[in-house]
Amino acid sequence: MEVAYDGVRVTPRLNAALNRISHSVIGRDTKVTSRRHWGHFLDALGEADVVHLHAIHSHIVDAGLLFQTLIDARKPVVWTLHDQWAMTGRCAQPGTCRLWEQGCPKCPDLDAYPPAKIDNAAQRWSDRREMIQTLQAAVPTAVVACASWLGAEAKIASIRNVGVVKNSVDRAFWLATATSVPRERRVGGVRNLFMCRDLRDRQKVNWPVLKRVCALPNQKLTIVGDQATQTIEGAERRPAVSDRAELANLMQEHDRLVFTSRVDYFPLTIAEALTSGLEVNALDSPAAREFSTHPRLNIFQDENALLSHLASAPLPVPSTTEVSDEERQFFNPQRMTDEYVDIYNSLLGGVVCVRRRSLS
(Lines give C-alpha, C1' and ligand atoms only; values in the text may rest on other atoms or scores of the structure.)
Protein backbone atom coordinates (compact mmCIF):
# COMPACT_ATOMS: atom_id res chain seq x y z
CA MET A 1 0.00 0.00 0.00
CA GLU A 2 1.16 3.52 -0.72
CA VAL A 3 0.74 5.87 2.25
CA ALA A 4 1.92 9.46 2.61
CA TYR A 5 4.74 9.21 5.15
CA ASP A 6 7.99 11.15 5.26
CA GLY A 7 10.59 9.31 3.20
CA VAL A 8 14.36 9.10 3.01
CA ARG A 9 15.92 8.53 -0.40
CA VAL A 10 18.79 6.10 0.05
CA THR A 11 20.16 6.15 -3.49
CA PRO A 12 20.47 9.07 -5.93
CA ARG A 13 19.85 8.40 -9.61
CA LEU A 14 23.54 8.24 -10.54
CA ASN A 15 24.18 5.53 -7.96
CA ALA A 16 21.12 3.61 -9.12
CA ALA A 17 22.41 3.76 -12.70
CA LEU A 18 25.83 2.47 -11.61
CA ASN A 19 24.16 -0.32 -9.64
CA ARG A 20 22.12 -1.33 -12.66
CA ILE A 21 25.24 -1.56 -14.84
CA SER A 22 27.13 -3.45 -12.14
CA HIS A 23 24.27 -5.89 -11.62
CA SER A 24 24.05 -6.66 -15.32
CA VAL A 25 27.76 -7.50 -15.46
CA ILE A 26 28.74 -9.05 -12.11
CA GLY A 27 25.32 -9.91 -10.72
CA ARG A 28 25.28 -7.53 -7.77
CA ASP A 29 25.08 -3.81 -7.03
CA THR A 30 28.12 -1.69 -6.20
CA LYS A 31 29.07 -0.81 -2.64
CA VAL A 32 29.34 2.84 -3.66
CA THR A 33 26.98 5.10 -1.68
CA SER A 34 26.21 8.78 -1.58
CA ARG A 35 27.64 10.24 1.63
CA ARG A 36 24.65 12.57 2.03
CA HIS A 37 21.92 10.04 1.16
CA TRP A 38 23.51 7.18 3.07
CA GLY A 39 24.01 9.49 6.03
CA HIS A 40 20.27 10.25 6.06
CA PHE A 41 19.58 6.51 5.95
CA LEU A 42 21.88 5.83 8.89
CA ASP A 43 20.21 8.61 10.89
CA ALA A 44 16.79 7.12 10.19
CA LEU A 45 18.11 3.66 11.03
CA GLY A 46 19.32 4.93 14.38
CA GLU A 47 15.80 6.15 15.21
CA ALA A 48 14.09 2.93 14.13
CA ASP A 49 12.88 0.17 16.43
CA VAL A 50 12.28 -2.32 13.62
CA VAL A 51 13.51 -2.28 10.02
CA HIS A 52 10.93 -3.53 7.53
CA LEU A 53 12.42 -4.53 4.18
CA HIS A 54 10.46 -5.14 1.00
CA ALA A 55 12.00 -5.44 -2.48
CA ILE A 56 15.72 -4.77 -2.09
CA HIS A 57 16.77 -5.83 -5.59
CA SER A 58 15.85 -2.73 -7.57
CA HIS A 59 19.40 -1.28 -7.67
CA ILE A 60 18.94 0.62 -4.41
CA VAL A 61 21.92 -0.70 -2.48
CA ASP A 62 24.16 -3.75 -2.41
CA ALA A 63 22.33 -6.38 -0.35
CA GLY A 64 25.47 -7.47 1.46
CA LEU A 65 26.22 -3.89 2.51
CA LEU A 66 22.61 -3.38 3.62
CA PHE A 67 22.51 -6.57 5.69
CA GLN A 68 25.86 -5.84 7.37
CA THR A 69 24.66 -2.33 8.21
CA LEU A 70 21.53 -3.76 9.84
CA ILE A 71 23.61 -6.28 11.78
CA ASP A 72 25.96 -3.54 13.00
CA ALA A 73 22.94 -1.48 14.10
CA ARG A 74 21.52 -4.50 15.99
CA LYS A 75 18.03 -3.79 14.67
CA PRO A 76 15.29 -6.43 14.41
CA VAL A 77 14.33 -7.04 10.78
CA VAL A 78 11.06 -7.92 9.06
CA TRP A 79 11.58 -8.82 5.42
CA THR A 80 8.48 -9.15 3.26
CA LEU A 81 9.01 -11.28 0.17
CA HIS A 82 6.98 -10.14 -2.82
CA ASP A 83 8.81 -12.40 -5.28
CA GLN A 84 11.52 -15.10 -5.37
CA TRP A 85 14.67 -12.97 -5.53
CA ALA A 86 15.84 -14.26 -2.14
CA MET A 87 15.65 -17.85 -3.41
CA THR A 88 17.42 -17.50 -6.76
CA GLY A 89 20.89 -16.53 -7.81
CA ARG A 90 19.78 -13.79 -10.17
CA CYS A 91 16.15 -13.08 -11.06
CA ALA A 92 13.06 -12.13 -9.06
CA GLN A 93 10.49 -14.09 -11.09
CA PRO A 94 11.83 -17.45 -12.30
CA GLY A 95 8.41 -18.54 -13.54
CA THR A 96 8.48 -22.27 -14.29
CA CYS A 97 12.28 -22.48 -13.88
CA ARG A 98 13.27 -24.61 -10.87
CA LEU A 99 17.04 -24.39 -11.27
CA TRP A 100 17.22 -22.30 -8.09
CA GLU A 101 16.60 -25.54 -6.18
CA GLN A 102 19.93 -26.78 -7.61
CA GLY A 103 21.92 -23.61 -6.99
CA CYS A 104 21.17 -21.88 -10.32
CA PRO A 105 23.90 -23.69 -12.30
CA LYS A 106 22.88 -21.85 -15.49
CA CYS A 107 20.36 -19.05 -15.94
CA PRO A 108 18.02 -19.81 -18.88
CA ASP A 109 16.66 -16.25 -19.13
CA LEU A 110 19.03 -13.35 -18.60
CA ASP A 111 16.27 -10.92 -19.59
CA ALA A 112 14.19 -11.80 -16.52
CA TYR A 113 14.15 -8.89 -14.05
CA PRO A 114 16.60 -7.65 -12.98
CA PRO A 115 18.20 -8.26 -16.40
CA ALA A 116 21.83 -9.28 -16.83
CA LYS A 117 24.43 -9.43 -19.59
CA ILE A 118 26.60 -12.09 -17.95
CA ASP A 119 25.39 -15.14 -16.05
CA ASN A 120 26.74 -15.00 -12.48
CA ALA A 121 23.70 -16.75 -10.98
CA ALA A 122 25.55 -19.70 -9.46
CA GLN A 123 27.97 -17.52 -7.50
CA ARG A 124 25.29 -15.07 -6.43
CA TRP A 125 23.06 -17.97 -5.31
CA SER A 126 25.71 -18.99 -2.77
CA ASP A 127 26.24 -15.37 -1.73
CA ARG A 128 22.54 -14.79 -1.06
CA ARG A 129 22.18 -17.94 1.02
CA GLU A 130 25.15 -16.92 3.13
CA MET A 131 23.93 -13.32 3.54
CA ILE A 132 20.46 -14.41 4.64
CA GLN A 133 21.79 -17.01 7.08
CA THR A 134 24.23 -14.48 8.56
CA LEU A 135 21.48 -11.89 9.02
CA GLN A 136 19.09 -14.33 10.67
CA ALA A 137 21.81 -15.58 13.00
CA ALA A 138 22.89 -12.08 14.03
CA VAL A 139 19.63 -10.19 14.66
CA PRO A 140 15.97 -11.17 15.26
CA THR A 141 14.63 -11.60 11.73
CA ALA A 142 11.16 -12.52 10.51
CA VAL A 143 10.77 -13.39 6.83
CA VAL A 144 7.20 -12.83 5.67
CA ALA A 145 5.79 -14.10 2.38
CA CYS A 146 2.88 -12.24 0.80
CA ALA A 147 1.27 -15.53 -0.31
CA SER A 148 1.08 -19.05 1.12
CA TRP A 149 2.66 -20.67 -1.93
CA LEU A 150 5.55 -18.19 -1.83
CA GLY A 151 6.12 -19.04 1.82
CA ALA A 152 6.30 -22.72 0.91
CA GLU A 153 8.88 -21.92 -1.78
CA ALA A 154 10.97 -19.96 0.74
CA LYS A 155 11.05 -22.98 3.03
CA ILE A 156 12.19 -25.17 0.13
CA ALA A 157 15.04 -22.66 -0.24
CA SER A 158 15.96 -23.35 3.42
CA ILE A 159 15.09 -19.85 4.60
CA ARG A 160 14.24 -19.98 8.31
CA ASN A 161 11.48 -18.33 10.33
CA VAL A 162 9.12 -17.83 7.37
CA GLY A 163 5.58 -16.66 8.02
CA VAL A 164 2.75 -15.53 5.74
CA VAL A 165 0.81 -12.27 5.77
CA LYS A 166 -1.38 -12.04 2.71
CA ASN A 167 -1.69 -8.65 1.10
CA SER A 168 -4.70 -6.42 1.59
CA VAL A 169 -6.03 -3.90 -0.86
CA ASP A 170 -4.92 -0.29 -0.61
CA ARG A 171 -6.75 1.71 2.06
CA ALA A 172 -7.97 4.32 -0.44
CA PHE A 173 -9.37 1.54 -2.61
CA TRP A 174 -10.96 -0.10 0.42
CA LEU A 175 -12.73 3.11 1.41
CA ALA A 176 -13.87 3.78 -2.16
CA THR A 177 -15.43 0.34 -2.53
CA ALA A 178 -17.16 0.68 0.84
CA THR A 179 -19.16 3.63 -0.49
CA SER A 180 -19.86 2.29 -4.00
CA VAL A 181 -23.33 1.16 -4.99
CA PRO A 182 -24.05 -2.39 -6.20
CA ARG A 183 -23.61 -2.64 -9.96
CA GLU A 184 -26.73 -3.08 -12.02
CA ARG A 185 -27.36 -5.25 -15.04
CA ARG A 186 -26.90 -3.11 -18.13
CA VAL A 187 -27.66 -3.82 -21.75
CA GLY A 188 -25.05 -3.89 -24.48
CA GLY A 189 -22.98 -6.95 -23.64
CA VAL A 190 -20.85 -8.34 -20.84
CA ARG A 191 -18.13 -5.90 -19.79
CA ASN A 192 -14.78 -7.67 -19.39
CA LEU A 193 -11.77 -5.92 -17.83
CA PHE A 194 -8.08 -6.75 -18.28
CA MET A 195 -5.38 -4.88 -16.34
CA CYS A 196 -1.58 -4.92 -16.40
CA ARG A 197 0.56 -1.85 -15.77
CA ASP A 198 3.20 -2.88 -18.33
CA LEU A 199 1.47 -4.42 -21.33
CA ARG A 200 4.85 -5.46 -22.77
CA ASP A 201 5.17 -8.25 -20.19
CA ARG A 202 4.63 -11.45 -22.15
CA GLN A 203 4.41 -13.56 -19.00
CA LYS A 204 1.45 -11.53 -17.75
CA VAL A 205 -0.32 -10.46 -20.95
CA ASN A 206 -1.76 -13.17 -23.20
CA TRP A 207 -2.64 -11.20 -26.32
CA PRO A 208 -4.13 -14.17 -28.25
CA VAL A 209 -6.60 -14.75 -25.40
CA LEU A 210 -7.54 -11.09 -25.27
CA LYS A 211 -8.18 -11.05 -29.01
CA ARG A 212 -10.45 -14.06 -28.71
CA VAL A 213 -12.31 -12.50 -25.77
CA CYS A 214 -12.98 -9.40 -27.82
CA ALA A 215 -14.27 -11.53 -30.71
CA LEU A 216 -16.83 -13.36 -28.58
CA PRO A 217 -20.44 -12.41 -29.25
CA ASN A 218 -22.08 -10.08 -26.75
CA GLN A 219 -18.73 -9.38 -25.05
CA LYS A 220 -16.91 -6.11 -24.51
CA LEU A 221 -13.29 -5.75 -23.44
CA THR A 222 -11.41 -2.91 -21.76
CA ILE A 223 -7.61 -3.18 -21.63
CA VAL A 224 -5.93 -1.02 -18.97
CA GLY A 225 -2.18 -0.47 -18.95
CA ASP A 226 0.76 1.23 -20.67
CA GLN A 227 3.23 0.30 -23.41
CA ALA A 228 0.85 -1.91 -25.41
CA THR A 229 2.65 -3.94 -28.08
CA GLN A 230 -0.51 -4.79 -29.99
CA THR A 231 -3.86 -3.29 -30.92
CA ILE A 232 -7.09 -5.27 -30.69
CA GLU A 233 -9.91 -4.07 -32.88
CA GLY A 234 -13.03 -3.41 -30.86
CA ALA A 235 -11.28 -3.29 -27.48
CA GLU A 236 -11.31 -0.10 -25.43
CA ARG A 237 -7.86 1.04 -24.30
CA ARG A 238 -7.15 3.03 -21.15
CA PRO A 239 -3.86 4.03 -19.52
CA ALA A 240 -2.66 2.47 -16.28
CA VAL A 241 -4.47 3.76 -13.21
CA SER A 242 -2.56 4.80 -10.08
CA ASP A 243 -5.34 6.55 -8.16
CA ARG A 244 -7.07 3.82 -6.16
CA ALA A 245 -10.42 5.62 -5.93
CA GLU A 246 -10.39 5.99 -9.72
CA LEU A 247 -9.57 2.29 -9.98
CA ALA A 248 -12.55 1.41 -7.79
CA ASN A 249 -14.82 3.41 -10.10
CA LEU A 250 -13.30 1.69 -13.14
CA MET A 251 -14.01 -1.74 -11.73
CA GLN A 252 -17.54 -0.70 -10.88
CA GLU A 253 -18.13 -0.10 -14.60
CA HIS A 254 -17.37 -3.74 -15.47
CA ASP A 255 -18.73 -7.21 -14.81
CA ARG A 256 -15.74 -9.52 -15.01
CA LEU A 257 -11.96 -9.46 -14.71
CA VAL A 258 -9.86 -11.58 -17.06
CA PHE A 259 -6.49 -12.58 -15.56
CA THR A 260 -3.85 -14.32 -17.70
CA SER A 261 -0.61 -13.85 -15.73
CA ARG A 262 1.37 -16.96 -14.84
CA VAL A 263 4.07 -15.25 -12.74
CA ASP A 264 2.34 -13.16 -10.06
CA TYR A 265 2.59 -14.01 -6.36
CA PHE A 266 -0.44 -12.45 -4.64
CA PRO A 267 -1.95 -10.29 -7.39
CA LEU A 268 -3.62 -7.19 -6.01
CA THR A 269 -5.59 -6.94 -9.26
CA ILE A 270 -7.52 -10.07 -8.26
CA ALA A 271 -7.90 -8.90 -4.65
CA GLU A 272 -9.21 -5.52 -5.80
CA ALA A 273 -11.60 -7.08 -8.32
CA LEU A 274 -13.07 -9.45 -5.74
CA THR A 275 -13.36 -6.64 -3.19
CA SER A 276 -15.29 -4.55 -5.73
CA GLY A 277 -17.67 -7.40 -6.56
CA LEU A 278 -16.30 -8.46 -9.93
CA GLU A 279 -16.33 -12.05 -11.12
CA VAL A 280 -12.71 -13.11 -11.78
CA ASN A 281 -11.75 -15.57 -14.51
CA ALA A 282 -8.10 -16.60 -14.34
CA LEU A 283 -5.77 -19.01 -16.08
CA ASP A 284 -4.36 -21.48 -13.58
CA SER A 285 -1.31 -20.36 -11.59
CA PRO A 286 -0.13 -20.58 -7.98
CA ALA A 287 -1.10 -16.91 -7.59
CA ALA A 288 -4.67 -17.48 -8.76
CA ARG A 289 -4.97 -20.49 -6.45
CA GLU A 290 -4.36 -18.20 -3.46
CA PHE A 291 -8.00 -17.09 -3.96
CA SER A 292 -9.40 -20.52 -4.87
CA THR A 293 -11.97 -20.59 -2.05
CA HIS A 294 -13.58 -17.33 -3.12
CA PRO A 295 -17.06 -17.89 -4.64
CA ARG A 296 -16.54 -15.41 -7.50
CA LEU A 297 -13.19 -16.76 -8.69
CA ASN A 298 -13.04 -19.22 -11.58
CA ILE A 299 -9.72 -20.90 -12.45
CA PHE A 300 -9.19 -22.56 -15.82
CA GLN A 301 -6.47 -25.00 -16.84
CA ASP A 302 -6.26 -23.72 -20.41
CA GLU A 303 -7.31 -20.87 -22.64
CA ASN A 304 -10.14 -22.73 -24.37
CA ALA A 305 -11.85 -23.51 -21.07
CA LEU A 306 -11.66 -19.87 -20.02
CA LEU A 307 -13.07 -18.63 -23.33
CA SER A 308 -15.84 -21.21 -23.28
CA HIS A 309 -16.90 -20.02 -19.85
CA LEU A 310 -16.91 -16.37 -20.90
CA ALA A 311 -19.01 -17.18 -23.93
CA SER A 312 -21.63 -19.29 -22.20
CA ALA A 313 -21.82 -18.59 -18.46
CA PRO A 314 -24.56 -16.23 -17.31
CA LEU A 315 -23.60 -13.28 -15.18
CA PRO A 316 -24.52 -13.42 -11.50
CA VAL A 317 -27.71 -11.54 -10.79
CA PRO A 318 -26.99 -8.06 -9.38
CA SER A 319 -27.82 -9.00 -5.80
CA THR A 320 -25.00 -11.59 -5.68
CA THR A 321 -22.39 -9.12 -6.85
CA GLU A 322 -22.62 -7.27 -3.56
CA VAL A 323 -19.63 -8.14 -1.39
CA SER A 324 -20.43 -9.65 2.00
CA ASP A 325 -18.81 -8.30 5.17
CA GLU A 326 -16.97 -11.61 5.63
CA GLU A 327 -15.51 -11.44 2.12
CA ARG A 328 -14.44 -7.83 2.56
CA GLN A 329 -12.67 -8.45 5.85
CA PHE A 330 -10.15 -10.77 4.18
CA PHE A 331 -8.87 -7.86 2.08
CA ASN A 332 -9.23 -5.27 4.86
CA PRO A 333 -6.03 -3.16 5.26
CA GLN A 334 -6.53 -3.22 9.02
CA ARG A 335 -6.28 -7.02 9.00
CA MET A 336 -2.86 -6.87 7.36
CA THR A 337 -1.73 -4.05 9.68
CA ASP A 338 -2.73 -6.04 12.76
CA GLU A 339 -0.84 -9.12 11.58
CA TYR A 340 2.33 -7.11 11.03
CA VAL A 341 2.00 -5.39 14.42
CA ASP A 342 1.91 -8.86 15.97
CA ILE A 343 5.17 -9.68 14.21
CA TYR A 344 6.76 -6.42 15.38
CA ASN A 345 5.61 -7.24 18.91
CA SER A 346 7.19 -10.68 18.76
CA LEU A 347 10.54 -9.20 17.72
CA LEU A 348 10.44 -6.35 20.24
CA GLY A 349 9.17 -8.32 23.20
CA GLY A 350 5.80 -6.58 23.26
CA VAL A 351 6.90 -2.95 22.79
CA VAL A 352 5.86 -1.40 19.49
CA CYS A 353 6.98 2.02 18.29
CA VAL A 354 4.15 3.74 16.40
CA ARG A 355 6.39 6.17 14.48
CA ARG A 356 6.66 5.27 10.81
CA ARG A 357 9.25 6.38 8.31
CA SER A 358 9.68 5.20 4.76
CA LEU A 359 13.15 4.33 3.49
CA SER A 360 13.42 4.17 -0.30
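These numbers were taken from a predicted model, which means no experiment stands behind them.
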By side-chain contact (heavy atoms from CB on, under 4.5 Å) - contacts of A311 (at least two apart) = L216
inquiry  = Distance check, rounded to the nearest 0.5 Å: R128 atom CZ versus R28 atom CZ?
reply    = 11.5 Å
task = Considering only NZ, NE, NH1 and NH2 on the basic side and carboxylate oxygens on the acidic side, decide whether R335 and D338 come within less than 4.0 Å.
result = no
ask   = Under the 3.5 angstrom rule, does the side chain of N192 hit a backbone N or O of L221 as a donor-acceptor pair?
value = no
query = Does a donor on one side chain sit under 3.5 Å from an acceptor on the other, for H57 and D83?
reply = yes
ask   = Does a side-chain N-to-carboxylate-O contact under 4.0 Å join D255 and R191?
value = yes
query = Are V139 and F67 connected, step by step, through hydrophobic side chains (Ile, Leu, Val, Met, Phe, Trp, Tyr) whose heavy atoms are closer than 4.5 Å?
reply = yes
remark   = Nearest heavy-atom approach of V241 to R197 is O-NH2, 3.3 Å
query = Within the distance-only criterion (no hydrogens, no angle test), does the side chain of T260 pair as donor or acceptor with the backbone N or O of N206 below 3.5 angstrom?
reply = yes
task = Verify, without hydrogens or angle tests, whether D264 (side chain) and P267 (backbone) share a donor-acceptor contact under 3.5 angstrom.
result = no
key: Test ring pair (Phe, Tyr, Trp, His ring centres under 6.0 Å) applied to H52 - qualifying residues, sequence neighbours left out   = H54, Y340, Y344
Extract all donor-acceptor atom pairs below 3.5 Å that involve side chains of residues 111-118 and protein atoms in other chains or at least two apart in sequence.
from, atom 1, to, atom 2, distance (Å)
Y113, OH, S58, OG, 3.3

key: Counterpart residues, salt bridge (Lys or Arg N to Asp or Glu O under 4.0 Å), relative to R289 (two or more places apart)   = D284
Q84: side chain to side chain donor-acceptor pair (under 3.5 Å) partners, not counting sequence neighbours = E153, Y265
task = Kindly give the heavy-atom pair with the smallest separation between T88 and P94, and that separation in Å.
result = CG2-CG, 4.1 Å
message = Working note: V144 + I343, criterion side-chain contact (heavy atoms from CB on, under 4.5 Å); need CA distance, chi angles, decisive distance, verdict.
response = CA-CA 9 Å; V144 182; I343 295 172; 3.7 Å; yes
Using distance only, find each side-chain donor-acceptor pair of residues 154-166 under 3.5 Å and give its atom names and separation, not counting sequence neighbours.
from, atom 1, to, atom 2, distance (Å)
N161, ND2, T141, O, 2.6
K166, NZ, E290, OE1, 3.1

query = Could R238 and E253 be called an ion pair, given the rule that one side-chain N must be under 4.0 Å from one carboxylate O?
reply = yes
Heavy-atom pair with the smallest gap, counting every atom of A142 and L347 = CB-CD1, 4.3 Å
ask   = So does R296 pair up with E279, basic N to acidic O under 4.0 Å?
value = no
task = Look at the side chain of R129 and the backbone N and O of M87, then say whether any donor-acceptor pair between them is shorter than 3.5 Å.
result = yes
ask   = Do F266 and F291 have their ring centres less than 6.0 Å from each other?
value = yes
inquiry  = Is a donor from one side chain sitting under 3.5 angstrom from an acceptor on the other, for N304 and R212?
reply    = yes
query = Between CH2 of W85 and CZ of R124, what distance do you get to the nearest 0.5 Å?
reply = 10.5 Å
query = Do R244 and E272 sit within salt-bridge range, that is, some charged N less than 4.0 Å from a carboxylate O?
reply = yes
query = Any sub-3.5 Å donor-acceptor pair from R74's side-chain atoms to A138's backbone N or O?
reply = yes
task = Tell me, please, whether W100 has R90 positioned over its six-membered ring: NZ or CZ under 6.0 Å from the ring centre and within 45 degrees of its axis?
result = no
ask   = Which atom pair, heavy atoms only, marks the closest approach of C214 to I232?
value = CB-CG2, 3.8 Å
